[in-house]
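These notes concern the structure reproduced below.
FYI, the numbering just counts along the sequence from 1.
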Amino acid sequence: MRKLLPLIGTPSGSHPGGRSAMTCRFRCGDACFHEVPNTSSNEYVGNVVAGALSRRSVMRAAAVVTVAAAGAGAVGVAGAPEAQAAPAAQGGPRKSEGARGLRFTPVAPNTADAVTVPEGYRQNVVIRWGEPILRGAPAFDPEKQTAAAQAGQFGYNCDFLALMPLKGERGRQLLVANHEYTDEVLMFRGYDSENPTREQVEIAWAAHGLAVVAVEEDHRSGKLTPVTRHPLNRRLTATSEFRLTGPVAGSDLVKTSADPSGTKVRGTLNNCAGGTTPWGTTLHAEENFNQYFAHGSRATDKRYGIGTGTTERKWERFDKRFDLAQEPNEVHRFGYVVELDPYDPDSVPRKRTALGRFKHEAATVRLTHDGRPVVYSGDDERFDYFYKFVGSKRMRPGNSRSAHEHNLTLLDEGTLYVAKLTGDSPAIEIDGTGKLPKDGEFDGSGQWIPLATATADGAVSHVEGMTAEEVFVFTRLAGDKVGATKMDRPEDIEPNPVTGKVYVALTNNSNRGVGSNPGADEANPRNANKHGHVLELTERWNRPESTKFAWSLFLVAGDPEDPATYFAGFPKDSVSPISCPDNVAFDAHGNLWISTDGSALGSHDGLFGVATRGSRRGELKQFLTVPRGAETCGPVIQDRRVLVAVQHPGEVDGASVEKPASTWPDGPGRHVRPAVVAVWRADGRDIGV
């Protein structure tokens with residue numbers, strides 16, 4: 001019923017989470033094969049999983065949904081934009097079964113070179129890498145790429161997505177997208193990784209960054225299509241102008257020969273997940289920025305995973321700012337959360353230094369009861385931390401110019417915190433295998449430890465031995481000093497808009513407990529954790545500004561037949577297998593939607609929905625899968641539409657332009673291209689109801 005598939009494209013266990021070596025090279029600079037950057041002696045957390053498993057028998061849901069072995073439609077090429085759904089397997093669930101918002105026939109694990117969606121759903125490719133969005137940009141020609149053309153075209157490897165309203169333009173919305181990184185082997189025919197050309201490097205600079213593009217709905221079919229030449233369409237790249245704001249702006253730590261003021265930055269790099277704000281802006285998280293910089297030599301460089309040699313892309317040959325031997329402070333200007341006003345195409349995006357500097361996976365926002373912003377973010381590294389920022393200024397409602405200008409200062413003043421989790425079981429009872437502690441508990445308590453506070457008059461450090469500027473620039477070291485809890489790659493963090501609970505996706509950590517690496521200790525799950533897990537936090541009085549919280553284990557990923565897995569107590573014979581949770585989002589019903597990165601179960605990555613409350617809490621169902629070599633990113637869950645970014649399709653070991661591993665989305669003989677896909681119900685009704 002849940003047949004798992006052999007890994008495709010890479011031997012099992014050769015790379016974390018089943019990810020290809022090519023993905024590791026280009027996306028994160030082989031981070032999982034470098035020495036763990038965090039060598040501090042903080043208390044490790046882990047393995048309260050055992051307690052969670054003990055409660056399985058008393059948390060059974062009343063109804064059972066069987067995962068279908070078939071019953072999904074797939075589309076592999078642009079010429080067939082609507083899914084042709086196969087009938088559900090005999091004994092498969094009826095569409096009416098499941099939590100509200102999740103009433104669809106689950107997609108079975110598969111390795112189809114296509115986007116596969118549930119029975120009764122349709123899809124289309126909204127926009128691909130290279131499609132022109134600015135006036136004067138040419139049509140995409142993979143054999144005649146130029147940096148100037150790419151700067152006016154949709155960028156490469158889209159990740160975070162947001163759909164923003166366009167008032168006065170019926171049927172239209174603004175699509176805002178991150179372009180995380182480039183894979184030159186799949187972009188350029190005959191690419192020589194040891195000797196890239198200047199033109200190839202400049203094209204890659206232009207393919208990074210952000211994009212804003214208006215999209216329009218066809219009400220007859222449900223398709224979304226880009227509106228080219230819309231006045232709000234915009235591209236921001238690795239060479240665009242950005243501004244440093246907050247406590248680090250003007251610091252000696254961020255001054256360079258090109259910018260002695262320490263306030264102006266060229267470009268944004270490796271933007272992964274992100275978020276939207278209640279005042280109408282978008283947030284973009286700079287993640288694996290370390291891989292772009294060569295010749296690191298300081299202890300702070302090592303703590304951030306910056307190598308001592310040359311880089312994969314060799315950008316340092318063409319711009320000295322990527323060579324830390326020549327510009328040692330340039331790297332201190334990356335690793336922040338970028339705030340963009342998508343409604344002002346002339347605005348300069350701001351890097352909000354008060355939110356700290358680390359490998360930000362995401363930046364999601366909610367307001368306190370009195371209107372102050374709280375921003376959650378994970379540091380996507382093995383054994384690193386997750387954080388929140390609590391603003392000190394209240395948001396002003398309304399659309400006036402004064403309100404807008406005020407709200408654009410909200411993320412510059414407030415306090416940055418890091419999380420420390422404590423479990424309830426004696427350490428001797430935690431052995432990393434999932435064995436139940438004697439007290440049968442699977443939850444614990446936590447506290448948010450203050451690191452530094454930024455005000456209009458300056459900043460104050462709460463970390464002994466570090467100045468406030470040092471805390472905001474070397475935030476990882478501040479977390480080390482205060483004893484923050486080391487986690488298994490904390491990625492997306494998002495509050496549930498219905499319940500207020502906060503969910504933390506922890507993708508995996510196959511190094512935990514292996515060799516000389518630290519093992520499970522109390523609140524993180526398993527040793528050799530290759531599948532990841534999801535934590536659920538309940539902040540005291542359900543107030544985001546609280547400095548205390550309770551935590552519990554919500555989901556432990558993997559094959560449901562594995563006794564070490566857990567699905568919030570829901571019957572495990574009635575859920576989809578899932579591995580490596582990454583980005584998360586919520587629908588209007590409070591269901592958690594999880595996209596995966598690097599499934600170690602043999603199936604392609606996908607998007608899953610899981611109920612977070614009621615009798616079906618923990619009921620997890622797969623909504624779609626992506627093509628060969630691809631990762632599912634950026635999910636946007638609207639009432640009648642789901643959007644995903646199909647990142648790095650065809651990124652399989654040994655693949656190249658000449659030897660493609662995927663033909664998605666345009667079929668054989670065409671370049672494989674990252675793209676955005678929209679999915680909707682064929683009958684036009686709400687998703688999953």
What I want to check is whether the side chains of E131 and Q153 have a donor and an acceptor closer together than 3.5 Å. no
Note: P635 and A585 closest approach over all heavy atoms is O-CB, 3.7 Å
Is the closest basic N to carboxylate O distance between D218 and K223 below 4.0 Å? no
Does the side chain of H671 reach to within under 4.5 Å of the side chain of L186, using non-hydrogen atoms? no
Under-4.0 Å salt bridge between R681 and D686: no
To the nearest 0.5 Å, tell me how far D159 CG sits from N178 CG. 6.0 Å
Can you find a side-chain donor-acceptor pair between Y503 and E494 that sits under 3.5 Å? no
With a 4.5 Å cut-off on side-chain heavy atoms, are M487 and L506 touching? yes
Could you check whether any side-chain heavy atom of R641 comes within less than 4.5 Å of a side-chain heavy atom of Q173, counting everything from C-beta outward? yes
Would you please indicate yes or no on a ring centroid separation below 6.0 angstrom for F554 and F567? no
Salt-bridge contact R172-E216 (side-chain N to carboxylate O under 4.0 Å): yes
How about I687 and I637: do any of their side-chain heavy atoms sit closer than 4.5 Å? no
Check whether Y566 forms a cation-pi arrangement with K572 (NZ or CZ under 6.0 Å from the six-membered ring centre, at most 45° off the ring normal). no
Short side-chain donor-acceptor distance under 3.5 Å, T507 and E491: yes
Do D379 and F386 come within less than 4.5 Å of each other through their side chains, counting heavy atoms only? no
What about the rings of F104 and F623, do their centers lie closer together than 6.0 Å? yes
For R616 and E97, run salt bridge (Lys or Arg N to Asp or Glu O under 4.0 Å): C-alpha distance rounded to whole Å, both residues' side-chain angles, the deciding distance at 0.1 Å, then the answer. CA-CA 10 Å; R616 291 185 177 271; E97 294 179 325; 5.8 Å; no
For the residue pair R122 and A682, what are the closest heavy atoms and their distance? CG-CB, 3.9 Å
Got a second to check how far C272's SG is from N288's CG, nearest 0.5 Å? 7.5 Å
Below 4.5 Å, heavy atoms only, C-beta onward: do R640 and Q638 meet side chain to side chain? no
Student check: side-chain heavy atoms of L592 and N496 closer than 4.5 Å: no
side-chain hydrogen bond (donor to acceptor under 3.5 Å, both in side chains) evaluation trace for K501 with T538: CA-CA 5 Å; K501 294 180 183 293; T538 304; 2.8 Å; yes
Any chance the rings of H179 and F154 have centres within less than 6.0 Å? yes
Could you check whether D488 pairs with R512 (Lys NZ or Arg NE/NH1/NH2 to Asp/Glu carboxylate O, under 4.0 Å)? yes
For the residue pair H648 and Y181, categorise the inter-ring angle as parallel (less than 30°), tilted (30 to 60°) or perpendicular (more than 60°). tilted
Before accepting this row, confirm whether a basic side-chain N of the pair E539/R366 lies closer than 4.0 Å to the acidic partner's carboxylate O. yes
Pair H604-T111, side-chain donor/acceptor within less than 3.5 Å: no
Rounded to the nearest 0.5 Å, what's the gap from OG1 on T612 to CD on E619? Could you check? 12.0 Å
Do I578 and L620 come close enough that some side-chain heavy atom pair is under 4.5 Å? yes
Between the side chains of H360 and S377, does any donor sit under 3.5 Å from an acceptor? yes
Is there a side-chain hydrogen bond (donor to acceptor under 3.5 Å, both in side chains) between D605 and T596? Walk through the geometry before answering. CA-CA 5 Å; D605 279 322; T596 62; 3.0 Å; yes
By ring-ring contact (aromatic ring centres under 6.0 Å, His included) - contacts of Y376 (at least two apart): none
Hydrogens and angles aside, do T282 and H284 bring a side-chain donor and acceptor to less than 3.5 Å of each other? yes
Verdict with reasoning, H230 to E169, per side-chain hydrogen bond (donor to acceptor under 3.5 Å, both in side chains): CA-CA 11 Å; H230 192 280; E169 298 190 37; 3.1 Å; yes
